[in-house]
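This report refers to the structure that appears directly beneath it.
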Amino acid sequence: MVKEFGAPGKDVVHKIWLEFGLNEQRMKESVEALKKWLAMEPHLPEESGSLHDARLERWLIRCKNSMERTKQSIDLYYTLKSLSPDVMCDWNPRSKWYKDVIRAFCFFPMPELTPEGDRVIMMKYLSKDAMNYLHEDLARLCLMTTEVRMCEEYCFSDIFILDLENYTVGHASKMTFTTAKKGEVCLMKAFNTRLKAFHIINAPSCADVLIWIIKTVLSSKLTSRIYVHGKDLTNFTKQVPRMCLPDDLGGTGGSLQENWNLWLKKVDSYHDWFFQHDNFKSDEKKRQGGDFNSGDLFGFEGSFRKLNVD
């Protein structure tokens, strides 16, 4: 029977807090400090409620309890929602784009943590037909999943698994460097995702360009954590615990489709929150110290707005 993704036990939470020098009191104090800082930044929105506090907790954990890194990540998150709405907004699980893309691609966390406390994230092209979705929507889907995890998740880092069994030349022709870079910045910097390993499995020859793009947009540190496997998954299955893999890949975590269906119900339960949260973004006219510049993020000079033009 497939296990539902749910809130972590207290033992997991305390183990992770301990790793980063936190306890319940320190976490409360840190969250309150972040809320006070947010209130003093005129360009950032005012949020409240239990989900807001939960997300601030996760940001602290993802930033290894560094207050400065957490502030930078939060600021970037709201800024990207304002300047790149094509991937950071319209997170509506009942919209047409969403219904189209979830039939073409899946991106979800497996319910069981590894013994080290890491989370396995499954990704797979579900159809050989590449016609009925945009890669911007694929990026948006991945970011929606990450947003839900920000409200509920506790783990040390992520292990990405990208299954290219159904990947075709049609998929390859749709991928652009711009979209990949946008997704990387949003995922790795705004959400401060900590990547422990990235396994690409069942990779056909036509995936060479995709793999090159992935390696190009990631830092050299993260590129060293990419492992490409063909059809022979012997080495791959030795590196990821079976309980954290779907049955389709020799695991014991239930079928990929069953896990995907459960996760889609989870995301749909956030429909109202996504709708309300779409309005929480930066007001760049109120930013102190001038316009936001993306030169350091993207490796070239100029405003992030330029990235909205392919």
Side-chain angles (χ1 to χ4, degrees), residues 13-84 88 117-119 143 146-147 149-158 181-196 217-223 225 277 280-304 307:
V13 173
H14 290 158
K15 180 181 178 180
I16 293 174
W17 282 357
L18 183 63
E19 175 71 19
F20 301 118
L22 289 162
N23 55 37
E24 190 170 354
Q25 182 61 33
R26 288 176 181 171
M27 179 60 84
K28 287 182 180 179
E29 291 172 353
S30 296
V31 168
E32 287 304 312
L34 286 172
K35 289 162 73 173
K36 289 179 181 178
W37 165 75
L38 281 164
M40 295 173 62
E41 297 293 327
H43 68 293
L44 297 179
E46 293 184 19
E47 291 198 58
S48 61
S50 60
L51 281 184
H52 178 49
D53 288 6
R55 289 164 67 246
L56 294 179
E57 274 195 32
R58 273 62 176 188
W59 253 308
L60 278 163
I61 295 298
R62 283 168 172 254
C63 295
K64 299 183 179 180
N65 195 26
S66 166
M67 187 64 70
E68 188 58 33
R69 283 179 61 189
T70 303
K71 290 178 181 178
Q72 292 172 356
S73 184
I74 292 172
D75 191 338
L76 181 60
Y77 167 86
Y78 288 116
T79 300
L80 293 177
K81 282 179 69 69
S82 177
L83 299 184
S84 190
M88 287 290 285
D118 301 317
R119 182 72 66 186
L143 296 170
T146 307
E147 186 73 85
R149 293 180 64 209
M150 286 289 285
C151 298
E152 301 188 19
E153 175 73 284
Y154 256 94
C155 68
F156 281 115
S157 57
D158 290 350
K181 189 60 182 177
K182 278 187 184 181
E184 184 270 338
V185 169
C186 294
L187 193 63
M188 298 299 178
K189 295 183 172 64
F191 282 112
N192 216 79
T193 296
R194 296 204 309 275
L195 183 65
K196 184 174 184 178
V217 300
L218 292 177
S219 68
S220 57
K221 178 181 178 181
L222 295 182
T223 298
R225 300 174 186 176
H277 195 258
F280 293 121
K281 57 186 71 173
S282 70
D283 184 344
E284 292 304 305
K285 294 179 181 179
K286 296 180 180 180
R287 180 183 290 275
Q288 297 174 333
D291 293 338
F292 177 81
N293 189 287
S294 62
D296 291 340
L297 284 174
F298 300 101
F300 53 82
E301 295 301 320
S303 166
F304 188 82
L307 271 184

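Along the sequence shown, residues are numbered consecutively beginning with 1.
The SG atom of C186 sits 4.5 Å away from atom CG of L80, with the distance rounded to the nearest 0.5 Å. In this structure, OG in S66 is found 7.5 Å from CD in Q72, a value given to the nearest 0.5 Å. If you take OG on S84 and NZ on K182, they are separated by 4.0 Å, rounding to the nearest 0.5 Å. To the nearest 0.5 Å, the span separating CG on L218 from CG on L187 amounts to 9.5 Å. One distance of note links OG of S48 with CG of L38; it measures 11.5 Å at 0.5 Å rounding. S282 contributes atom OG, which lies 7.5 Å from atom CG of D75 (distance to the nearest 0.5 angstrom).
Side-chain contact between R26 and L60: absent, with no pair of heavy atoms (C-beta onward) separated by less than 4.5 Å. Counting only heavy atoms from C-beta outward, the side chains of R149 and D158 approach each other to under 4.5 Å. A 4.5 Å side-chain heavy-atom check between N23 and H14 finds every atom pair outside the cut-off.
Under the 3.5 Å distance criterion, the side-chain polar atoms of R69 are left unmatched by any main-chain donor or acceptor of K64. In this structure, the side chain of N192 does not engage the main chain of S73 through any donor-acceptor pair within 3.5 Å. No donor-acceptor pair closer than 3.5 Å links the side chain of T70 to the backbone N or O of C63. R58 places no side-chain N or O within 3.5 Å of a backbone atom of Y154 that could act as its donor or acceptor partner.
Judged as a salt bridge (charged side-chain N to carboxylate O under 4.0 Å, His left out), and not counting sequence neighbours, E57 has no contacts. With sequence neighbours excluded, no residue satisfies side chain to side chain donor-acceptor pair (under 3.5 Å) with S30. Residues passing the side chain to side chain contact (heavy atoms under 4.5 Å, CB included) test with L51, sequence neighbours excluded: C151, Y270, W273. F280 meets the ring pair (Phe, Tyr, Trp, His ring centres under 6.0 Å) test with H277; sequence neighbours excluded. Legend: residues meeting salt bridge (charged side-chain N to carboxylate O under 4.0 Å, His left out) with E32, ordered by chain and number and at least two apart, are K35. Residues satisfying the salt bridge (charged side-chain N to carboxylate O under 4.0 Å, His left out) criterion with R62, sequence neighbours excluded, are absent altogether. Here E68 pairs with nothing under the side chain to side chain donor-acceptor pair (under 3.5 Å) rule; sequence neighbours left out. Remark: S219 pairs with K221, L222 by the side chain to side chain contact (heavy atoms under 4.5 Å, CB included) rule, at least two apart or across chains. With sequence neighbours excluded, the residues forming a salt bridge (charged side-chain N to carboxylate O under 4.0 Å, His left out) with K196 are D118, listed by chain and number.
Under the ring-ring contact (aromatic ring centres under 6.0 Å, His included) criterion, the residue pairs touching residues 34-73 are W59-Y77, with sequence neighbours excluded. Sorted by first and then second residue, the salt bridge (Lys or Arg N to Asp or Glu O under 4.0 Å) pairs with a member in residues 36-51 read E47-R55; sequence neighbours excluded. Residue pairs meeting the salt bridge (Lys or Arg N to Asp or Glu O under 4.0 Å) criterion with at least one partner in residues 15-24, sequence neighbours excluded, are E24-K28.
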